[in-house]
Amino acid sequence: MKIASFNINGIKARLPALLDWLSEAQPDVAVLQEIKSVDEAFPREPIEDLGYIVETHGQKSFNGVAILSKLPLEDIQRGLPGDETDEQARWIEATVVGKQAIRICGLYLPNGNPVPGPKYDYKLAWMDRQIAHAKNMLRQDMPFLMAGDYNIIPQPEDCANPAAWADDALYRLESRTKFRELCALGLTDAFRARNAAPEQYTFWDYQAGAYNRNDGIRIDHFLLSPQAADLLTDCQVDAHVRGREKPSDHVPIWVELDI
DNA sequence: ATGGTAGCTCGGCTA
């Protein structure tokens with residue numbers, strides 16, 4: 001089973017690029033971030049025409065996540081548990097039913113800039129909720145994964161120029177420590193587990209020719225539960241997509257699971 | 001220190 005994650009930075013602007021990539025990459029499941037659309041305005045039909053079930057959790061203008069699946073979905077949940085007052089659409093999860101069931105969480109973790117400030121506080125509190133939710137899921141038997149735009153640069157080798165990010169919310173020690181807490185629960189960073197090649201990134205700023213200089217950062221991640229990690233056979237980044245017409249500033253990352 | 005680009009929406013926020 002091939003499962004992908006792609007921050008598309010706006011479905012209205014990215015539909016042609018998304019359809020092109022889906023057609024060639026043929027993921028069984030894809031989680032999307034930053035759809036920047038309400039559910040009613042999301043262009044379901046052209047995606048359904050490629051054979052996908054479409055489930056969205058959108059909001060006006062900002063954020064918004066979705067799951068696309070060629071396999072049946074069950075028990076779809078919208079929103080990260082732990083704060084009923086949180087209105088930002090950053091989490092969706094569902095059970096994908098193949099030969100073996102797996103729970104797939106799609107997430108758009110808060111950016112957190114500027115630091116310090118309320119946005120950074122929200123990011124760290126959101127990560128505490130994610131950690132609590134991961135603990136709960138680890139008590140269940142079903143394999144699961146949490147995939148998406150984490151807005152976290154885990155290590156210095158995950159960016160071209162660490163000095164440029166030193167005081168950024170994506171790289172600050174508190175952010176990276178929370179990510180490490182998640183991993184320490186027993187979750188596996190699929191890219192680090194299966195892909196040793198250096199200088200591979202998932203995001204390049206639109207400004208200053210960042211992609212042409214490979215001045216990127218690795219912030220889109222797959223964290224796998226122990227049962228899911230046992231099924232992991234590959235993890236790759238579709239970096240070439242960034243060089244196309246009207247690209248997102250992120251590129252797809254995907255895993256192959258032996259189920 | 002600023003501005004450089006992009007999306008959504010039509011001024012200003014978010015990234």
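So that the names make sense, note that chain A is the first sequence line, chain B the second, and so on, each numbered from 1.
Taking the centre of each ring, W91(A) and H133(A) come in below the 6.0 Å mark.
Look at CD1 on I219(A): it is 18 Å from P on dT14(B), rounded to the nearest Å. Protein atom CG of D249(A) is 16 Å distant from nucleotide atom P of dT14(B), rounded to whole Å. A straight line from CD1 of I35(A) to P of dG7(B) spans 16 Å, rounded to a whole angstrom. Rounded to whole Å, the distance from NZ on K246(A) to P on dA6(B) is 9 Å. Distance, N63(A) CG to dT14(B) C1': 9 Å, rounded to whole Å. One atom, NE2 of H250(A), and another, P of dA15(B), lie 10 Å apart when rounded to the nearest Å. Atom CG in D220(A) sits about 14 Å away from atom P in dA15(B), given to the nearest Å. The distance between atom CD of Q33(A) and atom P of dA15(B), rounded to the nearest whole Å, is 14 Å.
Using a 4.0 Å cut-off, no side-chain N or O of K36(A) falls inside it from OP1 or OP2 of dT14(B).
With no hydrogens or angles considered, no side-chain donor-acceptor pair links K123(A) and N151(A) at under 3.5 Å. In this structure, a donor-acceptor pair under 3.5 Å is absent between the side chains of E34(A) and N63(A).
Listed by first and then second residue, the ring-ring contact (aromatic ring centres under 6.0 Å, His included) pairs that reach into residues 32-64 of chain A come to none, sequence neighbours excluded.
Going from the P atom of dT2(B) to that of dA6(B) covers 23 Å, rounded to whole Å. Nucleotides dA1(B) and dA15(B) are separated by 23 Å at their P atoms, to the nearest Å.
Between dC8(B), dA15(B), dG4(B), one nucleotide has an atom nearer to the side chain of K119(A) than all others, and that is dA15(B). Here the nucleotide nearest the side chain of F62(A), chosen from dC8(B), dT14(B), dA15(B), is dT14(B). Distances from the side chain of N111(A) to the nucleotides dC8(B), dA6(B), dA15(B) place dA15(B) closest.
No continuous path of ILVMFWY side-chain contacts below 4.5 Å connects I53(A) to V97(A), so the two sit in separate hydrophobic clusters. At a threshold of 4.5 Å between side-chain heavy atoms, the hydrophobic network of Ile, Leu, Val, Met, Phe, Trp and Tyr places I152(A) and W126(A) in one connected group.
For the pair R218(A) and F203(A), the cation does not sit on the ring face, since its NZ or CZ is not both under 6.0 Å from the ring centre and inside 45° of the axis.
Residues from residues 150-166 of chain A with heavy atoms under 4.0 angstrom of DNA chain B: there are none. Sorted by residue number, the members of residues 7-21 of chain A with any non-hydrogen atom under 4.0 Å from DNA chain B read N9(A), G10(A), I11(A), K12(A), A13(A), R14(A).
In this structure, Y150(A) contributes its side chain and F179(A) its backbone to no donor-acceptor pair below 3.5 Å.
The 5' end of DNA chain B is approached more closely, in terms of each residue's nearest nucleotide, by D205(A) than by the other of Q88(A) and D205(A). Each of P247(A) and P110(A) lies near DNA chain B, and the nucleotide nearest P247(A) is the one positioned closer to the 5' end.
Y108(A) comes within contact range of the sugar-phosphate backbone alone, with a heavy-atom separation under 4.0 Å but no base atom that close. Heavy atoms of R90(A) sit under 4.0 angstrom from primed sugar atoms or phosphate atoms, though from no base atom.
Ring orientation note: the planes of F6(A) and W21(A) are nearly perpendicular, at an angle over 60° on the 30°/60° scale.
Using a 4.0 Å cut-off between charged nitrogen and carboxylate oxygen, E24(A) and R244(A) count as a salt-bridge pair.
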